Amino acid sequence: MANCPECGAELSLHDDVETGEIIDCGTCGGELEVVATGPVELETAPELEEDWGE
Amino acid sequence: MANCPECGAELSLHDDVETGEIIDCGTCGGELEVVATGPVELETAPELEEDWGE
Amino acid sequence: MSHTASVVGASGFTGGELLRLLHAHPEFEIAQATSREYANKTVGSVHPNLRELDVRFSEPTGLDSVDVLFAATPHGVSMKHIDAFQEAADTVVDLSADFRLDSEAEYDEWYDGHSRPELLDESVYALPERNREELSDASLIAAGGCNATATILGLAPLFDGGILDGSEQLVVDVKVGSSEGGAGSSKASSHAERSGVVRPYAPTGHRHEAEIQAEFGCETAFSAHAVDMTRGAAATCHVFPNGPVTTGDLWGAFRETYDDEPFVRLVAGGTGVYRYPEPKAVAGTNYAEVGFELDPSNERIVVFSAIDNMMKGSAGQAVHAANISCGFEETAGLGFQGLHPVGAP
Amino acid sequence: MSHTASVVGASGFTGGELLRLLHAHPEFEIAQATSREYANKTVGSVHPNLRELDVRFSEPTGLDSVDVLFAATPHGVSMKHIDAFQEAADTVVDLSADFRLDSEAEYDEWYDGHSRPELLDESVYALPERNREELSDASLIAAGGCNATATILGLAPLFDGGILDGSEQLVVDVKVGSSEGGAGSSKASSHAERSGVVRPYAPTGHRHEAEIQAEFGCETAFSAHAVDMTRGAAATCHVFPNGPVTTGDLWGAFRETYDDEPFVRLVAGGTGVYRYPEPKAVAGTNYAEVGFELDPSNERIVVFSAIDNMMKGSAGQAVHAANISCGFEETAGLGFQGLHPVGAP
Amino acid sequence: MSHTASVVGASGFTGGELLRLLHAHPEFEIAQATSREYANKTVGSVHPNLRELDVRFSEPTGLDSVDVLFAATPHGVSMKHIDAFQEAADTVVDLSADFRLDSEAEYDEWYDGHSRPELLDESVYALPERNREELSDASLIAAGGCNATATILGLAPLFDGGILDGSEQLVVDVKVGSSEGGAGSSKASSHAERSGVVRPYAPTGHRHEAEIQAEFGCETAFSAHAVDMTRGAAATCHVFPNGPVTTGDLWGAFRETYDDEPFVRLVAGGTGVYRYPEPKAVAGTNYAEVGFELDPSNERIVVFSAIDNMMKGSAGQAVHAANISCGFEETAGLGFQGLHPVGAP
Amino acid sequence: MSHTASVVGASGFTGGELLRLLHAHPEFEIAQATSREYANKTVGSVHPNLRELDVRFSEPTGLDSVDVLFAATPHGVSMKHIDAFQEAADTVVDLSADFRLDSEAEYDEWYDGHSRPELLDESVYALPERNREELSDASLIAAGGCNATATILGLAPLFDGGILDGSEQLVVDVKVGSSEGGAGSSKASSHAERSGVVRPYAPTGHRHEAEIQAEFGCETAFSAHAVDMTRGAAATCHVFPNGPVTTGDLWGAFRETYDDEPFVRLVAGGTGVYRYPEPKAVAGTNYAEVGFELDPSNERIVVFSAIDNMMKGSAGQAVHAANISCGFEETAGLGFQGLHPVGAP
Ligand SMILES: NC(=O)c1ccc[n+]([C@@H]2O[C@H](COP(=O)([O-])OP(=O)(O)OC[C@H]3O[C@@H](n4cnc5c(N)ncnc54)[C@H](OP(=O)(O)O)[C@@H]3O)[C@@H](O)[C@H]2O)c1
Ligand SMILES: NC(=O)c1ccc[n+]([C@@H]2O[C@H](COP(=O)([O-])OP(=O)(O)OC[C@H]3O[C@@H](n4cnc5c(N)ncnc54)[C@H](OP(=O)(O)O)[C@@H]3O)[C@@H](O)[C@H]2O)c1
Ligand SMILES: NC(=O)c1ccc[n+]([C@@H]2O[C@H](COP(=O)([O-])OP(=O)(O)OC[C@H]3O[C@@H](n4cnc5c(N)ncnc54)[C@H](OP(=O)(O)O)[C@@H]3O)[C@@H](O)[C@H]2O)c1
Ligand SMILES: NC(=O)c1ccc[n+]([C@@H]2O[C@H](COP(=O)([O-])OP(=O)(O)OC[C@H]3O[C@@H](n4cnc5c(N)ncnc54)[C@H](OP(=O)(O)O)[C@@H]3O)[C@@H](O)[C@H]2O)c1
Ligand SMILES: [Zn+2]
Ligand SMILES: [Zn+2]
């Protein structure tokens with residue numbers, strides 16, 4: 001369990017989550033990096049500007 | 001030739017246009033009544049509230 | 001199976017949705033499904049998805065006694081037959097506009113008056129996210145208008161959170177599917193004419209403005225466009241708050257309003273194909289998707305809200321409200337999650 | 001909740017359908033959902049209808065032990081990883097073509113051979129209407145091809161009832177939606193190019209002919225056309241029986257074959273809008289609609305069959321077969337009745 | 001501008017197409033455009049693409065004298081008013097079925113008889129690819145049925161080239177757009193019900209079989225399906241020739257029949273997105289695309305043919321025939337090449 | 001045939017439109033059509049509507065000398081190759097954004113800078129309704145952005161007529177078709193994902209805001225939504241003027257601005273199916289439909305504007321501008337009136 005630093009939503013994570021893993025937030029869709037485990041801490045991952053086309 | 005009383009557009013009419021005829025304006029779509037001929041005079045026709053779905 | 005329910009206007013589009021929902025509902029049993037045109041025919045002859053149902057349409061006269069009566073009839077019918085409906089059922093849930101507004105004056109302004117204004121006090125606007133309390137013992141329930149529902153759900157967090165106070169300019173630009181027009185037919189709604197449109201059909205003066213105004217006490221500049229889908233209403237609200245707002249403020253407000261709501265999903269951003277609310281993501285379901293984007297250069301908040309007009313925007317909202325009124329699990333019978341991929345549902 | 005299930009290929013179209021079905025299934029619990037591309041992301045980031053699911057994709061390597069493993073991967077993947085799949089699960093249900101045919105020779109003829117031909121004897125073709133018995137203790141199940149499923153369901157009563165014996169000319173003209181191509185992208189499948197088409201895409205030599213031939217022992221002249229829908233496969237079979245046939249014979253045959261089938265609806269005639277099988281009437285469901293018309297002047301039977309390619313034509317069929325194999329209620333988790341009206345789902 | 005032309009039934013779908021074509025035609029000037037419902041209104045009020053035209057609908061009674069009168073009215077109207085039409089114009093081109101067949105007997109069999117059978121000898125079936133000679137001095141011309149036109153154009157090379165002799169089994173499976181039904185409205189043709197369909201609507205006994213039979217002297221097993229497009233008719237003919245045929249034979253036959261035809265394109269194979277005839281590639285044009293695939297394993301030829309039902313299948317064919325009858329350039333006024341990309345036109 | 005013209009980027013969507021227009025143009029002859037991917041193939045292999053053209057793609061390197069070169073390449077390509085383009089042609093018409101804005105600063109703000117800012121003074125924004133004079137001797141012409149074009153055409157009469165002065169709040173809500181994204185492919189643009197959407201894709205910060213701002217000197221609150229059509233851009237502008245305005249004022253302003261314009265149609269009101277601007281009424285044409293509705297209760301003007309994004313919004317505008325620059329009839333080659341009925345073109 002951890003909270004999204006972007007939108008504040010609660011995220012459930014698998015037990016063996018590892019530092020450095022990139023996950024998404026199911027609410028705001030933000031890409032988050034696991035920066036610490038036990039307890040889990042998340043940071044917004046560096047954005048990968050993705051062209052979404054028209 | 002006559003001008004639409006609603007939007008001012010020029011209307012071309014057939015030669016034998018008669019008083020009482022209802023025509024539409026090609027620009028604003030307004031329903032117009034021919035109230036005089038020679039020269040032609042037009043007035044906005046009483047609106048027929050038409051349900052347009054939804 | 002504890003309760004019986006009837007549907008008046010069951011051959012129509014939202015009537016068919018009611019039958020679908022009630023049939024799969026753990027607590028309801030369908031008593032009657034009325035249609036004047038198709039009386040005695042199987043419901044499956046009109047609604048092909050309901051061929052498994054062993055129910056035939058009956059005439060709307062001769063209503064049996066039931067626990068809940070749902071009326072899915074055009075504007076004006078319920079106010080005319082409300083005595084018969086209330087005699088037949090303890091709880092009446094009306095899908096039309098007949099009991100949505102609070103006063104005769106509003107019906108004079110937005111409709112052609114009202115023949116039973118004394119009932120307007122008693123009736124409760126169905127949207128559970130706004131009126132859950134009042135619904136718990138309501139006996140006359142008015143399901144909201146679909147466009148109004150989409151708009152209200154989108155804007156509510158801004159009013160709840162004090163980001164808007166009603167003095168701001170609100171522009172609401174709605175895109176809707178063809179089922180909003182009901183099961184009738186006309187040249188404008190024929191496939192050849194209606195396909196592929198972006199058609200302004202209620203540029204100004206849309207009657208749902210009245211419901212939004214009733215909720216928030218402010219006017220909205222509302223316009224609706226028909227687009228090429230059958231189900232769905234998507235409201236884009238362009239809002240200019242009086243003071244500065246951050247994305248964090250907005251997340252706070254939206255989460256505060258909706259975190260515990262079973263049928264509202266916050267969708268804003270991300271990296272995939274679906275980054276904001278979209279009607280096809282909720283088609284067939286009772287969910288609303290709500291999200292936003294902040295436009296700092298224009299000091300604007302753009303709020304997106306997407307629902308299925310016949311579900312969250314009508315029949316689903318009606319069943320949700322009935323669940324509350326009857327004391328059932330709120331989500332009973334409303335569990336369908338929708339489809340992916342899905343084209344233009 | 002008695003059984004655990006995993007989905008390999010869960011980011012794809014049929015994989016998403018499996019997740020949807022398993023999530024709402026009374027007897028299954030989702031253990032893993034694999035994707036290489038989206039590992040660690042929520043399943044809702046790909047499948048917007050599954051935002052409520054609290055499941056993240058995991059890598060397909062590292063499969064946990066489960067009761068049933070569903071593989072929704074492209075042709076060739078399952079035969080390569082079948083040992084890992086069988087090690088992880090008692091029952092493997094594969095949605096690809098890898099285990100549908102009976103012999104290596106058929107894979108040489110229609111595909112590019114087979115790397116594990118010794119398993120072909122063991123595997124059971126999933127269509128319950130044809131193989132219910134064998135499915136009851138199957139541990140390797142191959143869900144049918146969607147076009148083959150539609151065709152087989154349409155023609156089965158004619159073979160069962162002795163109206164056809166395999167010596168007749170059979171023409172099968174199929175119309176399919178874009179989801180049949182899976183979640184990838186190409187110029188031909190882009191919205192601008194793919195919208196509004198009637199596009200012959202497999203005029204001759206379609207691989208599903210092999211499955212039809214395996215079922216009935218006869219050849220079919222098969223052609224497929226892409227049309228403008230996302231879900232759906234509709235097969236029109238033009239059949240010329242050797243002897244005279246009456247409408248009564250046909251009704252007899254169709255009712256005999258399907259009267260007790262929970263997922264097959266006979267639809268032929270009537271007066272409403274929906275008189276014959278139509279894919280949009282079954283979109284999102286596990287139902288097949290089957291019907292016919294007799295053409296006396298051409299001594300022809302026209303058989304219509306409509307399914308949702310991802311449901312009855314794949315994921316739904318897979319879950320139906322798994323229900324049988326696991327001893328569950330056949331219809332468990334497959335109760336959704338579909339929508340009306342619905343556009344191009 | 002040498003000729004005057006009027007359109008009776010100008011508020012309908014094919015009538016609108018005639019106006020569009022005649023307006024841009026170098027040799028024709030529009031005299032009258034009739035409509036009973038919209039008399040006195042601008043043609044642009046019904047056909048939004050014709051807002052530039054300075055023409056108002058007039059009543060169909062009171063026809064002025066013109067060179068060519070086009071009748072785009074429902075079946076039965078032309079045979080009733082043919083004397084008035086012929087009095088008003090030297091050449092009458094009828095888009096309905098009223099003068100397509102050769103004998104009263106055929107009208108008794110396929111329609112409800114004929115009130116002016118003596119004119120059937122005089123009238124010429126409009127398809128120039130088949131009747132160019134006869135059209136050159138025809139004064140009563142019957143534009144073909146759209147599905148018949150597509151089918152005839154597809155099969156003609158096989159009959160011309162001796163690959164078929166009329167004794168073979170021919171299956172014709174047609175997919176058509178919603179404009180085929182004309183400008184009226186009904187529940188079945190409403191956007192919500194008609195979108196996304198694959199709907200068998202004339203499984204057997206379609207009246208266009210009569211025209212195909214009249215052309216080739218053989219029966220066809222014909223079925224039509226409504227699909228989700230507005231314009232277009234695509235015929236897939238599944239044909240089983242008596243003797244062996246090679247791809248070379250087929251190319252020879254198709255090129256022989258169509259090499260000099262200005263409005264028929266051979267399309268079969270290639271590597272891009274569009275490999276076979278497709279209706280959307282010819283939408284809005286007078287072109288037919290025709291192509292084939294050989295199925296050696298089934299000794300079958302699959303012929304594909306695609307047209308715009310309102311153009312090559314009706315109004316375009318009518319103008320093409322009028323061009324011939326009036327001695328104009330065949331392609332006059334018919335130069336539009338169509339659009340790419342185009343969705344579901 | 002007085003002029004030669006080449007198209008760089010001819011395998012793309014707008015490049016194909018240019019070929020279509022130039023082929024049917026009375027004054028232009030096509031010299032070269034470039035494509036790197038399809039070099040040496042016939043243009044018909046990519047654009048099925050152009051199968052009649054006897055032109056093959058050539059490499060964009062090795063440009064012959066021509067009168068006019070049209071560049072239909074992605075942003076960034078023209079500024080890189082502009083020397084080669086100007087060496088090959090007296091007049092260069094660029095369809096990309098590379099030469100639309102006036103200053104390097106704007107490219108820094110809205111794009112990623114500019115490599116040839118010294119040319120920005122010389123280049124003329126193509127929209128003839130705004131820049132007819134300057135176009136008459138322009139040698140570097142920049143066709144406008146499609147959404148900007150729609151918006152500018154809608155708002156221009158209000159600024160011209162003094163109803164707006166730039167200090168008002170302007171909300172622009174645009175709905176666009178899939179061809180706006182060009183001929184590439186991605187998951188988001190696949191048929192299964194893109195069908196039936198109302199998808200916010202540029203909620204804020206759309207680059208076309210820059211062009212609108214350049215025209216009127218004011219900011220707009222702009223949002224774009226993808227909807228289910230291939231061609232078309234429809235802008236709804238919600239505008240709140242500072243002072244009172246009547247419908248008569250609006251008609252005056254709109255007629256003043258557009259009465260003599262060959263490609264702008266005023267459409268507002270009426271009784272038929274098409275009462276306001278709609279993109280499908282102008283699909284395939286160079287027309288813009290512009291109209292409005294006054295909302296007295298909100299003191300709002302709602303302006304509607306509809307174009308074909310690839311025509312008036314790009315290739316058609318480019319040819320229109322080239323006609324002016326070359327001294328041809330303005331409407332040369334742009335006479336197509338569009339289709340009715342038409343589905344989702
Ligand atoms: N469609 C939507 O998306 C939507 C959304 C929100 C709210 N609503 C509201 O829900 C109501 C129903 O809408 P709908 O779209 O389902 O309409 P619909 O498809 O036109 O169906 C109306 C039904 O009412 C019945 N009916 C009509 N007049 C009646 C009368 N005098 N007495 C008894 N029954 C009568 C009709 O059946 P018979 O003629 O056979 O009796 C039909 O079954 C309307 O008030 C509408 O405003 C609809
Ligand atoms: N679509 C239909 O209507 C339909 C109907 C009947 C049968 N089928 C069959 O069902 C299967 C799946 O079809 P679909 O349409 O769902 O395809 P799809 O959308 O392309 O999905 C394929 C899935 O397989 C995964 N995958 C691909 N290669 C893999 C590998 N080597 N190892 C592990 N995972 C791999 C992909 O995810 P990652 O790349 O992220 O791992 C993706 O999740 C196919 O065999 C198809 O023939 C489909
Ligand atoms: N649509 C196609 O794709 C297609 C293809 C091939 C052939 N056709 C044939 O072409 C003909 C026209 O088809 P359509 O689709 O254009 O039909 P439509 O859209 O229904 O138009 C019919 C027109 O005829 C007029 N009309 C009806 N009854 C009349 C009468 N008694 N006297 C005078 N005018 C009358 C109607 O206008 P008012 O009621 O306003 O007078 C209307 O303008 C039909 O015979 C059809 O079979 C159509
Ligand atoms: N689509 C619209 O509605 C629209 C509207 C207004 C403006 N525009 C603008 O018009 C331009 C073209 O748009 P589109 O939609 O037609 O794009 P498109 O379909 O993607 O076509 C782009 C074309 O450019 C060619 N090309 C790409 N990179 C090139 C390079 N480095 N050198 C030479 N040729 C190159 C491509 O062909 P090869 O790769 O085969 O060489 C292709 O033919 C864009 O700048 C767009 O913003 C488009
Ligand atoms: Zn978040
Ligand atoms: Zn006017």
Side-chain angles (χ1 to χ4, degrees), chain D residues 169 171 173 175 177 186-188 190-201 203-205 209 219-223 225 227-234 236 238 240 272-280 283 291-300 302 304 306 340-345, chain E residues 169 171 173 175 177 186-188 190-201 203-205 209 219-223 225 227-234 236 238 240 272-280 283 291-300 302 304 306 340-345:
Chain D
Q169 187 59 64
V171 172
D173 192 296
K175 296 88 183 165
S186 71
K187 280 199 181 179
S190 75
H191 180 267
E193 301 292 20
R194 179 67 175 68
S195 292
V197 295
V198 178
R199 176 170 296 166
Y201 83 84
T204 62
E209 285 187 14
E219 302 211 327
T220 51
F222 186 100
S223 299
H225 305 74
V227 298
D228 198 348
M229 57 187 180
T230 290
R231 286 170 182 257
T236 303
H238 306 265
F240 302 85
V273 171
Y274 297 82
R275 303 180 183 196
Y276 295 98
E278 288 197 32
K280 78 172 188 165
F292 58 84
E293 192 61 60
L294 188 62
D295 180 4
S297 80
N298 282 294
E299 295 168 357
R300 172 178 58 138
V302 191
F304 299 103
H340 176 251
V342 68
Chain E
Q169 187 59 64
V171 172
D173 192 295
K175 295 90 186 164
S186 71
K187 280 199 180 180
S190 76
H191 180 267
E193 301 291 22
R194 178 66 173 70
S195 292
V197 294
V198 177
R199 177 171 294 167
Y201 83 84
T204 63
E209 285 186 13
E219 302 211 327
T220 51
F222 186 102
S223 300
H225 305 75
V227 297
D228 197 347
M229 59 188 178
T230 290
R231 286 169 182 257
T236 302
H238 306 266
F240 301 85
V273 171
Y274 296 83
R275 305 181 181 195
Y276 295 97
E278 287 196 33
K280 78 173 186 162
F292 58 84
E293 193 60 61
L294 188 63
D295 179 5
S297 80
N298 282 296
E299 295 170 358
R300 172 178 60 137
V302 191
F304 300 103
H340 176 250
V342 68

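So that the names make sense, note that chain A is the first sequence line, chain B the second, and so on, each numbered from 1. If you're wondering where the values come from, they're calculated on a predicted model, not measured in any experiment.
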Check your understanding: Would you say D:E299 has more than 12 foreign heavy atoms packed within less than 6.0 Å of its CD?
Key -> no
Check your understanding: Top residue by heavy-atom pair count (under 4.5 Å) with chain E, among D:A234, D:P200, D:G205?
Key -> D:P200
Practice item. Between chain E and each of D:A344, D:A221, D:A188, count heavy-atom pairs under 4.5 Å; write down the option with the most. Key: D:A221
Exercise for review: Go through D:P296, D:P341, D:S223, D:G232 and name the one with the most non-hydrogen pairs under 4.5 angstrom from chain E.
Suggested key: D:S223
Exercise for review: Go through D:E293, D:R199, D:K187, D:Q169 and name the one with the most non-hydrogen pairs under 4.5 angstrom from chain E.
Suggested key: D:R199
Check your understanding: Looking at D:D295, D:V342, D:T220, D:D173, which has the largest count of heavy-atom pairs under 4.5 Å with chain E?
Key -> D:D173
Practice item. Just give me the residue among D:G272, D:P279, D:S186 that pairs up with chain E most often, heavy atom to heavy atom, under 4.5 Å. Key: D:P279
Exercise for review: Go through the atoms of E:A192 and report whether side chain, backbone, both or neither lie under 4.5 Å from a heavy atom of chain D.
Suggested key: both
Study note, to complete from the structure: Okay, E:V171 and chain D: the region with an atom under 4.5 Å from a heavy atom over there is side chain
Check your understanding: With a 4.5 angstrom heavy-atom cut-off, which part of E:F292 approaches chain D: side chain, backbone, both or neither?
Key -> neither
Review point. If we only count heavy atoms from C-beta on, is the E:T204 to D:N298 side-chain gap below 4.5 Å?
Key: no
Review point. Heavy-atom distance under 4.5 Å to chain D: side chain of E:P277, backbone, both or neither?
Key: backbone
Point to revise | Flag side-chain contact, heavy atom, 4.5 Å: E:V227 against D:H225 | key: no
Point to revise | Side chain / backbone / both / neither for E:R194 at chain D, heavy atoms under 4.5 Å | key: backbone
Point to revise | N-O pairing of E:D228 and D:K175 below 4.0 Å | key: no
Point to revise | ring-ring contact (aromatic ring centres under 6.0 Å, His included) involving D:Y276 - partner list, sequence neighbours excluded | key: D:F304
Check your understanding: If you count heavy-atom pairs under 4.5 Å between each of E:H340, E:K280, E:M229 and chain D, which one has the most?
Key -> E:K280
Check your understanding: Between D:R275 and E:Y201, is any pair of side-chain heavy atoms under 4.5 Å apart?
Key -> no
